[in-house]
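The sequence lines fix the lettering, A, B, ..., with proteins before strands; numbering per chain opens at 1.
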There are 2 protein chains.
Amino acid sequence: MSETERASAELGGSSRAMPRVSRGRQPLDQMRILREAIGFIDESGLHQLTMRRLGHRLGVEAMALYRYVPGREQLLDGVVEVLMDDLYRDTLRDQPPPQNWPDFLQHLAHGVRELAVRHPRIFPLVATRPPAAPWLRPPLRSLRWVESFLEGLQNYGFTPVASVAVYRAFATFLLGHLLLESSVGSDELAELAPSDDIAFVESNDLADYPLVTALADLLSEDAFSAEFEDALEELINRLAVLRE
Amino acid sequence: MSETERASAELGGSSRAMPRVSRGRQPLDQMRILREAIGFIDESGLHQLTMRRLGHRLGVEAMALYRYVPGREQLLDGVVEVLMDDLYRDTLRDQPPPQNWPDFLQHLAHGVRELAVRHPRIFPLVATRPPAAPWLRPPLRSLRWVESFLEGLQNYGFTPVASVAVYRAFATFLLGHLLLESSVGSDELAELAPSDDIAFVESNDLADYPLVTALADLLSEDAFSAEFEDALEELINRLAVLRE
DNA sequence: ACCTGAACACCGTTCAAGT
DNA sequence: ACCTGAACACCGTTCAAGT
């Protein structure tokens, strides 16, 4: 409801007045700023995002952003909130509830994974920003999402105690599996100059690590997808004992 | 070996010359800078660490640091490297190998957890900085550590394929369980001004979330330790099938 | 050999002023 | 009502200069 208000405010208000600014610019808007920030980070990485550059991208000086956003930190919180709200819509609000609880968890897990894969440079924010409440567990950090998640579990017959345990185990699982996958997918490695790094305490000479060298091919195999599916099934099996 | 060289260089060199600088300052040193940076982050948080302030803490202008460290990013990499090397010493190099592989994994898991608990503000760096090789899996991101880990597993009878699978599952487990625990312990929430945050798309009114409200006590219970131990045992059980 | 001063190109943020 | 210019207090980093 409150997001609908805000979204409509974007088009409402001075419905007829054309902007006096040079190009056909609608006035600034909180949601437009957040969406633009998401696009910016997706394209250029978090490190490149500055208030000044984001303003430029919106055709405005940086100072104008402060009318709509309290500061850079809160802007990043807002970016995370928007993506979590999209996730809520896509996986919970607008979906018919699955037939059974394993399908429910499967569906949600794949939804979160898709978020991580679609926004690999933002997912680390979702995973590591301090959440609004201390008992929220990233990446499942939206109050609305958690409310809906717990409600779903109880409908499938989980007790309150069990559903909280499921929430924790599920969030921990997703964090472990997806944070790594997303940071590999984000070329965050390439964001630093390549051979700029220096060995401080540890040799970087592979000859010093014979086993690692011998297993290089095995270690380099991309196994994220299979690991995720296997571990998800194991998790679900394990959680079954919590259900009455 | 190479770290011993560096460590001795700190005391060696001009063994008699007293510094001409005002206070009794030994000349700067890469390891001293890194250790001081670790202390700084532990006390004040990553956000407070600037080259200028770190220099000040070392009794020196910021520019002097660049003789020993290529830049701020590499300084942070160095911080992570030093802690991982301490971990390697404490958990692998100077330890008699445990009797069996479950004890081996238990011992290592608790070592990594202790690192996370002792340096809650640095562990997120260990968990999220781009590793030196793309197949390294934070938080188990030291080449030396991984070499030793794989060697250990093979001595307990794991095949190469199985030991790589164990490495991956183990790292994923630790990342999921410890990143969250450390960020709760780090008061990172308090690093931001308290009521400064603003709701963008989502209501922050708890009345909108009846289930969450009803389960507030359950959700707030600190269960990290028990969860970690339980999940670790389950992981070990699950990994047993990989062994010949 | 080791450190500093001055400078450069940036930041985030505030606030009076413009339209 | 909405945006900008100018300013403030910072950054990381380079490099010639000091001792």
Exercise. Taking atom NE2 of H110(A) as the centre, does the number of heavy atoms from other residues, nucleotides or ligands within less than 6.0 Å exceed 12?
Worked result: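 Atom NE2 in H110(A) is crowded, with more than 12 foreign heavy atoms closer than 6.0 Å.
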Where the side chain of [X] is defined as all heavy atoms beyond and including C-beta, which of [options] is the nearest nucleotide?
| X | options | value |
| --- | --- | --- |
| R72(B) | dT4(D), dT13(D), dG12(C) | dT13(D) |
| E61(A) | dT13(D), dT4(D), dT4(C) | dT4(D) |
| Y66(A) | dA6(C), dT13(C), dG12(D) | dT13(C) |
| M63(B) | dT13(C), dT4(C), dC3(D) | dT4(C) |
| A62(B) | dT4(C), dG12(C), dT13(D) | dT13(D) |

Expressed as a whole number of angstroms, how long is the span from [X]:[atom1] to [N]:[atom2]?
| X | N | atom1 | atom2 | answer |
| --- | --- | --- | --- | --- |
| M51(A) | dC3(D) | CE | P | 14 Å |
| E73(A) | dG12(C) | CD | P | 10 Å |
| Q74(A) | dT13(C) | CD | C1' | 12 Å |
| L49(B) | dC11(D) | CG | C1' | 12 Å |
| R32(A) | dC2(D) | CZ | C1' | 13 Å |
| D29(B) | dC3(C) | CG | C1' | 15 Å |
| H56(A) | dG5(D) | NE2 | P | 14 Å |
| Q30(A) | dC2(D) | CD | C1' | 16 Å |

Sidechain N-carboxylate O distance under 4.0 Å for [X], [Y]:
| X | Y | value |
| --- | --- | --- |
| R35(A) | D86(A) | yes |
| E181(B) | R137(A) | no |
| D42(A) | R121(A) | no |

Exercise. Starting at the 5' end of DNA chain C and moving along, which residue's nearest nucleotide shows up first, T50(A) or A64(B)?
Worked result: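 By nearest-heavy-atom nucleotide position, the 5'-most residue is A64(B).
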For this session: Give the ring-plane orientation class for W145(B) versus F149(B), where under 30° counts as parallel, over 60° as perpendicular and anything between as tilted.
Result: parallel
For this session: Fit a plane to each ring of F170(A) and F173(A), take the angle between them on a 0 to 90° scale, and name the class: parallel (under 30°), tilted (30 to 60°) or perpendicular (over 60°).
Result: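 If you compare the ring of F170(A) with that of F173(A), the planes turn out parallel.
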Problem set entry | Nucleotide-level pairing of DNA chain C, given in dot-bracket where Watson-Crick and G-U pairs need both distances under 3.5 Å and | marks other strands | ||.|||||...|||||.||
For this session: Using the closest heavy atom to pick a nucleotide of DNA chain D for each, name whichever of R52(A) or R67(A) lands nearer the 5' end.
Result: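 Its nucleotide being nearer the 5' end, the pick is R67(A).
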For this session: May I ask you to verify if any side-chain N or O of Y68(A) is less than 4.0 angstrom from the OP1 or OP2 atom of dC3(D)?
Result: yes
Exercise. Quick one: is R53(A) getting a side-chain N or O under 4.0 Å of the dC10(C) phosphate, OP1 or OP2?
Worked result: no
Problem set entry | Donor on one side chain, acceptor on other, S142(B) and E81(B), under 3.5 Å | no
